[in-house]
Chemist: 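One structure, pasted below without further comment.
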Amino acid sequence: MNKIIILLLIVPQLLWAQSIPAEKQPQTTVITTTVNEYHPVVGQKVTISYLLAVKGYFNGATRFQLPSLSKARLAQTSRFAINGSTIIDGEKYATQLWQIDLYPEHSGLLELPALTFHVQYKGTGEYKGAGENNGSEEDNNVSQLRSDSLAVFAYVPEPLKQIKKYIVSSDVQFVQRWSEPQVSYQVGDIIQREITINATDIKSIQIPAINFPMVDGIQINVQEPKLDDQSNRGEQTASIKQTITYVIKQPGYYQLGGESLNWWHLGNGLQQGYFDTNTLKVSGISTLQKQGFIIISTVILLLLFSYLKYRKMPPSLNSQLKKSLKNKQWTRFIALLYQKADLHANLGLLQGNKNSETVAQLFEASYQAPAKTAGKDKLSACKLKELIK
């Protein structure tokens, strides 16, 4: 009986003694997730910070993998973590700060799943159980830290709804440089142009490409853009450089450049800028001038050909008859009548009969009938009788 009472008194004491280390033992790993903007503009950079804390210090590479999103683009702010330390519940922890940039590409709700960080660190060896080394000797640890899942809601401001390409940045600068200008250009000359766009708080891949319109008479060759990203103490700057080559194919006057660039300033709203234009004068005859010259030359040649053809054509018998009759050239008039009769196979009848009545009848049969269509060349048989007499 006494043994039972003793056991009942000792066992609770032992259980309470073993629970003390567990209550005092702090967390050896901690992860904290923060977001700088939950309601961004489409295209705006959203920075997500993951603070990893371990009791001890990191002694290996931290590994994690970014998920693939259908409505947004993810990118690491830096390839390296920012190392530091912090105090949690009075205990010192070593920390790594990893930052991820999220760029919404569509409006609406965007969900970012939890990320898993694989960390390696050395602990202090404290708070070990029975049979383990409770001294100051350090021990190796491998742990997986899982972050919280996140959700943000992206939107498009009203002024941007009609604009397809724009940049979301608080500072945008753009410049261009042309090759050495000339007073006058020739067909075959080559002109080079280099444009540079700089923007803050954005990745270079987020800067939209400039649309270079086609120009009749100019061949435009656009090289692949060169992207560059710089990060200095958390301030990110993106740059894009592009080289454009213009090859002159035809003479004329041309105006190059003048493209627009749109960006959204988070404080001032929609901003718009334009590249300066470059006017060119190319010597020579343009295609339009050549076409006009060909048309005018063709018309002149047709008129000249028609004129020469008209001059070579002998006057018609009707015209000769009228002229002979008007000038009272009776011998020629009678000869022309014979020619007219030959055309109608009546020459034999005309030669066998000199009577004016017969001549008048032949003329009326062979000349007056076709003359009806001419109107003004029509002659009457009675008039002819009188003239022949």
Side-chain angles (χ1 to χ4, degrees), residues 32-51 62-82 97-117 147-174 195-211 224-242 260-273:
T32 305
T33 307
T34 57
V35 181
N36 71 331
E37 181 61 64
Y38 284 95
H39 193 42
V41 176
V42 172
Q44 178 183 348
K45 182 182 77 170
V46 178
T47 301
I48 306 171
S49 301
Y50 299 92
L51 183 64
T62 299
R63 296 179 294 107
F64 64 95
Q65 187 174 3
L66 296 179
S68 177
L69 302 180
S70 59
K71 295 183 179 181
R73 184 189 300 272
L74 289 174
Q76 287 185 226
T77 304
S78 174
R79 293 182 301 168
F80 306 100
I82 301 175
L97 178 63
W98 294 92
Q99 291 183 321
I100 306 299
D101 294 331
L102 174 101
Y103 297 93
E105 295 179 337
H106 300 276
S107 59
L109 184 65
L110 302 175
E111 295 181 342
L112 178 64
L115 298 186
T116 300
F117 293 83
S147 70
D148 297 329
S149 58
L150 302 171
V152 298
F153 189 86
Y155 74 103
V156 178
E158 191 66 30
L160 292 178
K161 290 185 177 180
Q162 303 301 324
I163 300 177
K164 294 182 179 180
K165 296 181 179 181
Y166 60 88
I167 303 170
V168 180
S169 173
S170 58
D171 185 19
V172 175
Q173 303 290 333
F174 58 94
I195 64 172
T196 303
I197 303 174
N198 298 313
T200 59
D201 301 327
I202 196 174
K203 285 284 188 181
S204 58
I205 196 172
Q206 299 298 121
I207 300 177
I210 298 296
N211 183 27
E224 288 294 325
K226 297 179 180 180
L227 309 180
D228 183 57
D229 293 283
Q230 299 290 333
S231 181
N232 184 16
R233 296 182 180 179
E235 185 173 328
Q236 192 169 7
T237 303
S239 174
I240 178 173
K241 289 185 179 181
Q242 204 161 14
S260 62
L261 183 65
N262 305 301
W263 69 93
W264 180 262
H265 190 283
L266 296 177
N268 301 328
L270 178 62
Q271 307 293 310
Q272 193 171 50

Chemist: Of all heavy-atom pairs between Val168 and Ile202, which one has the smallest distance, and what is that distance?
Modeler: O-CD1, 4.1 Å

Chemist: Using the six-membered ring wherever Trp is involved, compare the ring planes of Phe117 and Phe64 and label them parallel, tilted or perpendicular (cut-offs 30° and 60°).
Modeler: tilted

Chemist: Can you name the nearest heavy-atom pair linking Ser169 to Trp263, along with the distance?
Modeler: O-CD1, 3.9 Å

Chemist: If I compare all heavy atoms of Val42 with all of Val156, which pair ends up nearest, and what's the gap?
Modeler: CG2-CG2, 3.6 Å

Chemist: The test is side chain to side chain contact (heavy atoms under 4.5 Å, CB included); show your working for Lys203 and Gln236 and say whether it passes.
Modeler: CA-CA 8 Å; Lys203 285 284 188 181; Gln236 192 169 7; 3.1 Å; yes

Chemist: OH/Tyr155 to CG/Leu160 distance, rounded to the nearest 0.5 angstrom?
Modeler: 9.0 Å

Chemist: Under 6.0 Å from the NZ atom of Lys226, do we count more than 12 heavy atoms belonging to anything else shown?
Modeler: no

Chemist: Of the non-hydrogen atoms in Ala154 and His106, which two are nearest, and what is the gap between them?
Modeler: CB-O, 3.8 Å

Chemist: Any luck finding a side-chain donor-acceptor pair between Ser239 and Asn198 under 3.5 Å?
Modeler: yes

Chemist: Using every non-hydrogen atom in the two residues, find where Phe153 and Pro40 come nearest and quote the distance to one decimal.
Modeler: O-CD, 3.2 Å

Chemist: I'd like to know if the side chain of Asp229 and the backbone of Ser204 have a donor-acceptor N/O pair within less than 3.5 Å.
Modeler: yes

Chemist: Enter the distance from Ile207:CD1 to Leu227:CG here, rounded to the nearest 0.5 Å.
Modeler: 8.0 Å

Chemist: Quick check for you: to the nearest 0.5 Å, what is the distance between Gln242 atom CD and Thr196 atom OG1?
Modeler: 10.0 Å

Chemist: Around Leu266, counting heavy atoms of other residues, nucleotides and ligands shown, do more than 12 lie under 6.0 Å from its CG?
Modeler: yes

Chemist: Drop me the distance from Leu270's CG to Glu158's CD, to the nearest 0.5 angstrom.
Modeler: 12.0 Å

Chemist: Looking at Pro104, Ser107, Pro157, which one forms a side-chain contact (heavy atoms from CB on, under 4.5 Å) with Val41?
Modeler: Pro157

Chemist: Donor-acceptor check, side chain of Asn36 to backbone of Thr47, threshold 3.5 angstrom: yes or no?
Modeler: yes

Chemist: Might you confirm whether atom CD of Gln65 has over 12 heavy atoms from other residues, nucleotides or ligands at distances under 6.0 Å?
Modeler: no

Chemist: Does the pair Ile210 and Ile195 meet the rule for a side chain to side chain contact (heavy atoms under 4.5 Å, CB included), with working shown?
Modeler: CA-CA 10 Å; Ile210 298 296; Ile195 64 172; 3.9 Å; yes

Chemist: Which salt bridge (charged side-chain N to carboxylate O under 4.0 Å, His left out) pairs, counting each pair once, include a residue from residues 97-115, with sequence neighbours left out?
Modeler: Arg73-Glu105

Chemist: Are any of the side-chain heavy atoms of Ile100 and Leu66 separated by less than 4.5 Å?
Modeler: yes

Chemist: What are the two closest heavy atoms between Ala151 and Leu109, and how far apart are they?
Modeler: CB-CD1, 4.1 Å

Chemist: So, taking the atom named CD1 in Ile167 and the one named NE2 in His265, what distance separates them when rounded to the nearest 0.5 Å?
Modeler: 13.0 Å

Chemist: To the nearest 0.5 Å, what is the distance between NZ on Lys164 and CG on Asn262?
Modeler: 13.0 Å

Chemist: Are Leu112 and Val35 close enough, and set up right, to give a side chain to side chain contact (heavy atoms under 4.5 Å, CB included), and what steps lead you there?
Modeler: CA-CA 11 Å; Leu112 178 64; Val35 181; over 6 Å; no

Chemist: Passes side chain to side chain contact (heavy atoms under 4.5 Å, CB included), Lys45 versus Leu102? Steps please.
Modeler: CA-CA 6 Å; Lys45 182 182 77 170; Leu102 174 101; over 6 Å; no

Chemist: Using atom types as modelled and distance alone, determine if a side-chain donor or acceptor of Ser147 lies under 3.5 Å from a backbone N or O of Leu115.
Modeler: yes

